[in-house]
Amino acid sequence: MSLSKWEYRIEHDAASLNELGEQGWELVAVTVVEGVEQLYLKRPAPSFRERLTLDQREEVARQAAFSSTSTKEVSR
């Protein structure tokens with residue numbers, strides 16, 4: 001039996017719910033604290049393998065951005 005792991009998030013802007021839904025976030029509760037809505041969301045946490053892949057993609061993107069910046073500076 002595997003236990004599900006979750007990520008949690010609190011938002012205050014209902015206008016962002018559609019975009020968050022597309023990213024896999026699910027609205028689970030809404031409260032009002034001192035007149036301000038708080039939207040509680042959750043989504044399944046990425047597995048270890050998925051986290052590695054995401055971290056690797058971010059690192060490649062950083063390196064690509066750095067190398068393109070370095071290339072522009074050299075060509076000036």
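Quantities reported herein were computed from a predicted structural model and do not represent experimental measurements.
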Open item on the list: Check this for me: Arg57, atom CZ, are more than 12 non-hydrogen atoms of other residues, nucleotides or ligands nearer than 6.0 Å?
Closed with: no
TODO: Flag the pair Arg62 / Glu59 as yes when at least one side-chain heavy-atom distance between them is below 4.5 Å, and no otherwise.
DONE: yes
TODO: Check the surroundings of atom CD in Gln63: do more than 12 heavy atoms from other residues, nucleotides or ligands lie under 6.0 Å from it?
DONE: yes
Task: Asn18 atom CG, over 12 foreign heavy atoms within 6.0 Å - done: no
- [ ] Of all the heavy-atom pairs spanning Glu7 and Trp25, show the shortest one and how long it is.
- [x] O-CZ3, 3.5 Å
- [ ] Provide the closest heavy-atom pair for Gly24 versus Pro44 in the form atom of the first, atom of the second, distance.
- [x] O-CD, 4.4 Å
Task: Considering all heavy atoms, the nearest His12-Glu37 contact - done: ND1-O, 3.2 Å
TODO: Report the C-alpha distance between Glu11 and Arg9 in whole Å, list the side-chain angles of each, state the deciding distance to 0.1 Å, and finish with yes or no for salt bridge (charged side-chain N to carboxylate O under 4.0 Å, His left out).
DONE: CA-CA 7 Å; Glu11 287 290 320; Arg9 178 178 187 148; 2.6 Å; yes
Open item on the list: Applying the side-chain contact (heavy atoms from CB on, under 4.5 Å) criterion to Tyr40, which one of Thr31, Leu27, Val30 satisfies it?
Closed with: Thr31
Task: With Glu26 via side-chain contact (heavy atoms from CB on, under 4.5 Å) - residues at least two apart - done: Val28, Lys42
